[in-house]
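Lettering follows sequence order; numbering is per chain, from 1. Quick caveat: nothing in here was measured; it's all calculated off a predicted structure.
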Amino acid sequence: MADPDPDEPVEPAGGSDPDAALPADPDLVRNALIEWYEADHREFPWRRTEDPYAILVSEVMSQQTQLDRVVSAWEDFLDRWPTPADLAAAERGDVVAFWSDHSLGYNNRAKYLHEAATQIETAYDGEFPRTPDELAELMGVGPYTANAVASFAFNNGDAVVDTNVKRVLYRAFDVPDDDAAFERVATRVMPDEESRVWNNAIMELGGVACGKRPRCDEAGCPWREWCHAYQTGDFTAPDVPTQPSFEGSRRQFRGRIVRLLGEHDEMELDTLGHRIRVDYTPDGEHGREWLRGLLTDLTEDGLVEVEDRDGETIARL
DNA sequence: GTCCCGCATA
DNA sequence: TATGCGGGAC
């Protein structure tokens with residue numbers, strides 16, 4: 001390579017970065033992606049608002065739930081609790097019941113959102129935090145969500161690094177499967193002061209063109225000429241830890257408990273047991289002791305309340 | 001079976 | 001650093 005093509009990926013001068021083959025001219029790569037995104041992208045309702053609260057709700061809902069299932073839940077949620085003050089004033093159980101009723105997954109996230117709204121009303125005096133560091137103080141808001149909200153609401157975020165971005169960087173620039181490496185490359189490739197469009201665009205790329213099944217040509221991927229995977233044909237993706245199966249899991253029964261309590265206001269222990277599994281037998285392997293264990297965890301998670309009344313055990317949200 | 005725009009806690 | 005956390009779509 002005595003006479004390298006300027007379009008070819010090259011190591012930075014000095015070879016100071018062993019992480020990846022970043023392009024020689026990052027602006028070409030940046031502009032190509034932004035132009036691709038602006039020419040055509042999926043329309044989600046939260047992309048049409050700059051309300052940080054509405055965006056936070058969309059991000060928390062989206063964390064482990066498919067986007068298509070989030071749209072109607074997001075609209076219903078904001079219809080019911082339009083501001084952080086409204087949400088902070090709500091009963092925790094109502095928020096958890098809403099979450100369960102809309103099949104949004106991890107019910108803890110309903111609690112986090114409710115808690116975050118309370119923090120905004122108290123610790124932040126109703127003023128929504130604007131920086132990633134301040135946002136990350138909110139319950140349930142980690143590095144990903146903090147940068148996403150700071151970017152989409154305030155154009156004030158750092159590079160988002162989620163599984164989509166990791167997969168894109170791993171394939172395009174041959175970044176090693178290492179969190180620190182992803183963080184460095186993601187930061188370096190993002191143009192300054194453009195976190196809103198950039199983080200939208202790179203996640204759109206990961207969702208539309210560079211998913212598990214790559215659609216480089218169909219989606220008109222703007223990075224084909226620089227992409228390591230496109231050149232080698234190796235579209236391996238970073239390892240994502242595989243989850244234990246959901247069927248028969250503890251999580252499945254937690255979910256059933258929360259859903260039933262959302263429907264029934266309050267339920268006695270054995271009634272609940274028989275409704276969440278057909279083989280419930282009060283003194284059997286999956287009986288009162290087993291169910292009390294689940295309820296204890298749910299209580300410690302702040303999702304459920306348990307009360308002993310007249311020798312009966314009563315549970316409610 | 002696998003995947004999906006993470007986070008809190010120990 | 002490792003583990004728990006829901007549920008629908010494919």
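- The side chain of A:Thr65 contributes no N or O atom lying less than 4.0 Å from OP1 or OP2 of C:dG6.
- Distances shorter than 4.0 Å separate none of the side-chain N or O atoms of A:Thr145 from OP1 or OP2 on B:dC5.
- Across all strands, A:Ser245 comes closer than 4.0 Å to no nucleic acid atom at all (heavy-atom distances).
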Go ahead and write out DNA chain C as dot-bracket, 5' to 3': ( ) for pairs within the strand, [ ] for ones crossing earlier pairs, | when the partner sits on another strand, dots for unpaired; Watson-Crick or G-U wobble, both distances under 3.5 Å.
|||||.||||
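- A donor-acceptor pair shorter than 3.5 Å can be found between the side chains of A:Arg292 and A:Thr313.
- Proximity of A:Glu43 to A:Arg48: side-chain heavy atoms (C-beta onward) are separated by under 4.5 Å at one or more points.
- Taking the side chain of A:Tyr112 as heavy atoms from C-beta on, and the options B:dT2, B:dA8, B:dC5, the nearest nucleotide is B:dA8.
- Using a 4.0 Å heavy-atom distance criterion, A:Pro244 is classed as making no nucleic acid contact.
- When rounded to the nearest whole Å, the span between CG of A:Leu298 and C1' of B:dT9 equals 16 Å.
- Between the CG atom of A:Asp301 and the P atom of C:dT3 there is a distance of 18 Å, rounded to whole Å.
- For the pair A:Leu261 and A:Val304, the minimum side-chain heavy-atom distance is below 4.5 Å.
- Between A:Arg254 atom CZ and C:dG4 atom P there is a gap of 11 Å when expressed in whole angstrom units.
- A side-chain donor from one of A:Asp234 and A:Thr236 sits under 3.5 Å from a side-chain acceptor of the other.
- With rounding to whole Å, A:Ile257 atom CD1 is found 14 Å from C:dC5 atom C1'.
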I would like to know whether A:Val165 and A:Met203 meet side chain to side chain contact (heavy atoms under 4.5 Å, CB included); could you show each step before the answer?
CA-CA 6 Å; A:Val165 173; A:Met203 288 196 289; 4.0 Å; yes
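- If you check B:dC4, C:dG6, C:dG7 against the side chain of A:Ser100, the one that comes closest is C:dG7.
- Which of B:dC7, C:dG6, B:dA8 sits closest to the side chain of A:Met139 comes down to B:dA8.
- Both the sub-6.0 Å distance and the 45° axial angle are satisfied by A:Arg277 relative to the ring of A:Trp290.
- Residue A:Trp223 forms a ring pair (Phe, Tyr, Trp, His ring centres under 6.0 Å) with just one option from A:Tyr230, A:Phe173, A:Tyr37, and that option is A:Phe173.
- Counting non-hydrogen atoms under 4.0 angstrom, A:Arg109 reaches nothing in the nucleic acid.
- Taking the six-membered ring for Trp and the full ring otherwise, the centers of A:Tyr280 and A:His286 sit at least 6.0 Å from each other.
- Going from atom CG of A:Asp162 over to atom C1' of B:dG6 covers 9 Å, rounded to whole Å.
- Residue contacts shown for A:Arg167 are limited to sugar-phosphate atoms, with no base heavy atom under 4.0 Å away.
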Trace of the side chain to side chain contact (heavy atoms under 4.5 Å, CB included) decision for A:Gln243 with A:Arg251
CA-CA 12 Å; A:Gln243 279 193 341; A:Arg251 275 169 29 217; 3.5 Å; yes
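- Across all strands shown, A:Asn107 has heavy atoms under 4.0 Å from sugar-phosphate atoms exclusively, and none from any base.
- Here C:dG6 presents its P atom at 13 Å from CD1 of A:Ile276, a figure rounded to the nearest Å.
- A:Val60 places a side-chain heavy atom less than 4.5 Å from the side chain of A:Trp99.
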Restricting both atoms to N or O, compile the protein contacts to nucleotides 8-10 of chain C shorter than 3.5 Å, with distance only.
| residue | atom | partner | partner atom | Å |
| --- | --- | --- | --- | --- |
| C:dG8 | OP1 | A:Ser103 | OG | 3.3 |
| C:dG8 | O4' | A:Arg69 | NH1 | 3.2 |
| C:dG8 | N2 | A:Gln66 | NE2 | 2.0 |
| C:dG8 | N3 | A:Gln66 | NE2 | 3.2 |

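- A side-chain N or O of A:Thr131 and one of A:Glu134 form a donor-acceptor pair less than 3.5 Å apart.
- Separating the CZ atom of A:Arg250 from the P atom of C:dT3 is a distance of 16 Å, rounded to the nearest angstrom.
- Rounded to the nearest Å, the gap between the C1' atom of B:dC4 and that of C:dG6 is 12 Å.
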For A:Glu266 and A:Arg309, run salt bridge (Lys or Arg N to Asp or Glu O under 4.0 Å): C-alpha distance rounded to whole Å, both residues' side-chain angles, the deciding distance at 0.1 Å, then the answer.
CA-CA 12 Å; A:Glu266 65 178 37; A:Arg309 181 197 308 158; 3.3 Å; yes
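- Under the 6.0 Å cut-off for aromatic ring centres, A:Phe77 and A:Phe98 qualify, their centroids lying closer than that.
- Atom C1' of nucleotide C:dG4 and atom CD of A:Gln252 are separated by 16 Å, given to the nearest angstrom.
- Taking only distance into account, the side chain of A:Tyr144 never meets the base of B:dG6 through a donor-acceptor pair shorter than 3.5 Å.
- Counting non-hydrogen atoms under 4.0 angstrom, A:Leu104 reaches nothing in the nucleic acid.
- Annotation: of the two residues near DNA chain B, A:Leu67 and A:Leu138, the 5′-most nearest-nucleotide partner is A:Leu67.
- On a pure distance criterion of 3.5 Å, a polar donor-acceptor pair joins the side chain of A:Gln243 and the base of C:dG6.
- Nucleic acid contact for A:Val141: sugar-phosphate only, since backbone atoms but no base atoms lie under 4.0 Å from a heavy atom of the residue.
- Look at A:Arg224 and A:Asp217 and you find a salt bridge, because one of the NZ, NE, NH1 or NH2 atoms lies within 4.0 Å of a carboxylate O, short of that distance.
- Using a 4.0 Å cutoff on non-hydrogen atoms, the parts of residues 42-62 of chain A near DNA chain B are A:Arg47, A:Glu59, A:Ser62, ordered by number.
- Within the 4.0 Å cut-off from OP1 or OP2 of C:dG7, not a single side-chain nitrogen or oxygen of A:Arg251 is found.
- B:dC7 and C:dG8 have their P atoms separated by 23 Å, with the value rounded to a whole Å.
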